Amino acid sequence: MRQTITEKIFSEHVGREVKAKEIVRCEIDMIIGNDITTPISIKAFRESGAKRLANPDNFAIVMDHFIPAKDIASANQAKISREFAYEHDLKYFFDEKDMGIEHALLPEKGLVVPGDVIIGADSHTCTHGALGAFATGMGSTDLAFAMITGTNWFKVPESIKVVLKGKPGAFVYGKDIILELIRKIGVDGALYKALEFTGDTIGYLDMDNRFSLCNMAIEAGAKNGIIAADETTKEFLANKNLKHEPKYHYSDEGAEYCRIVEIDVENLEPVVAFPHLPSNGKKVSEASKMDLKVDQVFIGSCTNGRLSDLAIAAKILKGKRVAKHTRLIVTPATQKILKEAEKLGYIDTLIDAGAVVSNPTCGACLGGYMGILADNERCVATTNRNFVGRMGARTAEIYLANSAVAAASAVAGKIADPREL
Amino acid sequence: MNVITGKVWKFGDNIDTDLIIAARYLTTSDPHELAKHVMEDADPEFVKKMSPGDIIVAGENFGCGSSREHAPIALKAAGVAAVVAKSFARIFYRNAFNMGLPIFELKEADKIKEGDLISIDMDRGLISDINSKEEYRFEPIPPFMQELLSCGGLMNYAKAELLKNG
């Protein structure tokens with residue numbers, strides 16, 4: 001039987017050949033929870049009468065949403081995960097000492113391995129598919145089920161093959177490719193499906209770009225996003241202390257796809273997604289002509305808070321100033337990224353330009369913790385969702401873009417085209 | 001008879017989980033606290049207007065966005081008896097089942113009007129609009145989900161396994 005990479009990962013886990021649409025139950029290689037979603041799982045775990053985790057070393061809790069605690073309620077909420085982590089002597093518990101946004105931190109730590117089945121009580125768990133793993137977001141109760149049994153059930157998804165063609169032009173990144181795909185297929189265009197990214201463009205994308213690409217698969221409704229491993233993947237993994245040996249899977253020629261979507265990346269320009277859906281993409285050349293004044297720019301999140309994002313922003317902001325009426329918040333995704341950015345001089349450059357640099361956190365992206373937008377404010381964000389009220393007031397507007405468009409807009413004080421700077 | 005009857009509140013397409021329960025309220029998972037803010041960014045008056053037992057009828061892709069289980073928890077705790085939508089986002093669909101919030105996929109959801117009284121007959125797979133006197137057949141619940149439901153939901157399934165395995 002000719003199979004897609006997603007079917008192969010499940011076949012390997014189930015121990016027989018499986019096909020799309022089959023319901024399977026299989027072992028989970030990594031279960032991820034965070035400070036917001038894990039407390040519900042812990043309650044379900046305790047109520048079930050379970051005493052221990054099925055596989056304690058396959059469970060990671062990452063404290064990233066409201067950490068360091070922003071108020072008493074979030075402090076009390078964090079305490080639930082902390083107590084559980086200490087009680088079960090969790091090996092992979094990441095708190096303030098070693099913090100980062102889960103979807104940047106776990107690959108950095110070598111805890112995402114090609115061929116793995118990964119679930120996380122966070123919708124952006126699909127990010128990890130960039131390493132050739134099956135990774136999907138689930139709710140807290142599903143997480144609890146996996147904590148107790150070490151397994152969960154899946155409907156093996158049908159796959160949409162996304163063929164990316166050509167070398168990306170100046171200031172075009174993984175973010176632009178995924179925004180263009182969502183513009184084309186819509187926010188439910190991949191509902192329940194796997195988005196398999198292929199084509200010669202992949203060879204031009206470093207891991208940071210691939211993570212951004214897979215990160216927003218959920219914004220098209222997809223179950224998972226996935227990119228088969230290549231030399232770039234292997235290079236990324238080479239100096240990491242991997243949790244176990246990787247298993248490389250590749251789609252067979254003639255594997256079945258429910259849809260094929262092509263994107264001409266060579267002729268793509270940076271994309272800006274207008275409020276209030278990620279599918280409202282427009283070319284930056286159009287958006288920059290609309291004189292859209294910007295109150296806040298946010299560079300960060302599990303989509304675009306990585307070292308290359310800080311490098312892009314620093315390059316654009318070097319020797320410049322953030323516009324007078326505009327604020328710029330930069331949130332490195334992990335402590336390691338923050339340290340490296342500091343060493344490379346990016347942090348100095350950003351601060352000298354007028355940015356405020358925060359600790360790693362999901363923070364401003366979900367409007368729960370700092371960087372909250374006031375009524376009628378407009379924000380350019382390198383994040384993943386521009387829903388009503390996502391970053392603060394329900395009258396605020398969020399425009400999603402890559403880090404170059406964000407940095408250029410911070411300088412111009414309005415949505416700007418980085419190619420024109 | 002397995003029937004839910006209630007008054008309809010209409011919402012559009014792509015009602016995301018930030019609209020159902022905004023992240024600013026996720027400092028707790030207490031159902032009663034969450035219920036106070038359900039659907040707030042979609043309709044700030046919703047909590048004041050609705051009564052327990054009412055039904056939400058919406059368009060495509062209901063529950064898209066975040067995986068927060070707080071969304072079905074908030075709806076259920078506020079007393080929303082069921083959600084009928086043209087389609088549901090994947091994670092929300094699973095979460096709703098796990099939380100015991102009844103949800104139904106109905107392609108003709110647009111034909112139901114706000115304020116209508118509808119009755120959902122789960123055994124017969126029918127939704128009746130008492131005002132328009134129309135009857136609609138909702139999409140059947142997938143067999144595997146039915147099996148989970150007949151075990152009393154996912155956590156009861158886990159408990160049964162724990163007992164079996166000692």
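The analysis underlying the following values was restricted to heavy atoms, covering all of them including side chains, and did not include hydrogens, waters or symmetry mates. Every chain is numbered from 1, with letters handed out A, B, ... down the list of sequences. In this text, all values refer to a predicted model and were calculated from it rather than measured experimentally.
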If the plane angle is over 60° it's perpendicular, under 30° parallel, otherwise tilted; pick one for A:Y192 and B:Y93. perpendicular
Using non-hydrogen atoms and a 4.5 Å limit, figure out which bit of A:N34 sits close to chain B: side chain, backbone, both or neither. neither
Any chance NZ of B:K48 has more than 12 other-residue heavy atoms, nucleotides or ligands included, within less than 6.0 Å? no
Do any N or O atoms from the side chain of B:R94 and from the backbone of A:D142 form a donor-acceptor pair under 3.5 angstrom? no
Heavy-atom proximity to chain A below 4.5 Å, by part of B:A42: backbone
Non-hydrogen atoms of chain A under 4.5 Å away: do they reach the side chain of B:N95, the backbone, both or neither? side chain
Rounded distance [0.5 Å steps], CG in B:D41 versus CZ in A:R390: 12.0 Å
In terms of heavy-atom proximity below 4.5 Å to chain B, should A:F66 be classed as side chain, backbone, both, or neither? side chain
Using a cut-off of under 4.5 Å on heavy-atom pairs, state which of A:K155, A:K223, A:K70 scores highest against chain B. A:K223
Start with the C-alpha distance between A:S41 and B:E69, add both sets of side-chain angles, then the distance that settles side-chain contact (heavy atoms from CB on, under 4.5 Å), and finish with yes or no. CA-CA 10 Å; A:S41 310; B:E69 210 157 284; over 6 Å; no
May I ask you to decide if A:G137's main-chain N or O and B:R90's side chain share a donor-acceptor pair within less than 3.5 Å? yes
Contact part of A:N76 toward chain B, heavy-atom cut-off under 4.5 Å: side chain, backbone, both or neither? neither
Going by heavy atoms in the side chains, are A:F145 and B:N98 under 4.5 Å from each other? no
Measuring from atom CG of A:L143 to atom OG of B:S67, what distance do you get when rounded to the nearest 0.5 angstrom? 9.0 Å
Report yes if some heavy atom in the side chain of A:F387 is under 4.5 Å from a heavy atom in the side chain of B:N14; otherwise report no. no
Does A:K43 reach the side chain of B:S29, with side-chain heavy atoms less than 4.5 Å apart? no
Could you look at B:L154 and say if it's the side chain, the backbone, both or neither that has a heavy atom under 4.5 Å from chain A? both
Let me know if A:K51 has heavy atoms under 4.5 Å from chain B in its side chain, its backbone, both or neither. neither
Counting heavy-atom pairs under 4.5 Å with chain A, the top scorer among B:F92, B:Y25, B:F88 is B:F88
Max heavy-atom pairs within cutoff under 4.5 Å with chain A, candidates B:P72, B:G65, B:C64, goes to B:G65
Check the surroundings of atom NZ in B:K107: do more than 12 heavy atoms from other residues, nucleotides or ligands lie under 6.0 Å from it? yes
Shorter than 4.5 Å, heavy atoms on both sides: which option in B:R24, B:H70, B:E60 has the most such pairs with chain A? B:H70
If you tally heavy-atom pairs under 4.5 Å against chain B, which of A:S140, A:G389, A:P39, A:A44 wins? A:S140
Closest heavy-atom pair and its distance - B:A89, A:L191: CA-CD1, 3.9 Å
Pairwise distance CG(A:L366) to CG(B:D18) - rounded to 0.5 angstrom: 7.5 Å
Please identify, among B:S87, B:S66, B:A71, the residue contributing the most non-hydrogen atom pairs under 4.5 Å to chain A. B:S66
At what distance, to the nearest 0.5 angstrom, does CE of B:M99 lie from OG1 of A:T141? 3.5 Å
Counting heavy-atom pairs under 4.5 Å with chain B, the top scorer among A:A73, A:S123, A:A78, A:A75 is A:S123
Among A:N384, A:L277, A:D188, residue most engaged with chain B (heavy-atom pairs, under 4.5 Å): A:D188
Within this structure, what is the CD1-CD1 distance for the pair A:I40 and B:I73, rounded to the nearest 0.5 Å? 4.0 Å
Less than 4.5 Å apart, any side-chain heavy atom of A:I36 and any of B:R68? no
So what's closer than 4.5 Å to chain A heavy atoms on B:I91: side chain, backbone, both or neither? side chain
Is any NZ, NE, NH1 or NH2 atom of the basic residue among B:E161 and A:R25 found under 4.0 Å from an Asp or Glu carboxylate oxygen of the other? yes
Please report the closest heavy-atom contact between B:M155 and A:I148, naming both atoms and the distance. CE-CD1, 3.4 Å
With a 4.5 Å limit on heavy-atom distance, are the side chains of B:D16 and A:V187 in contact? no
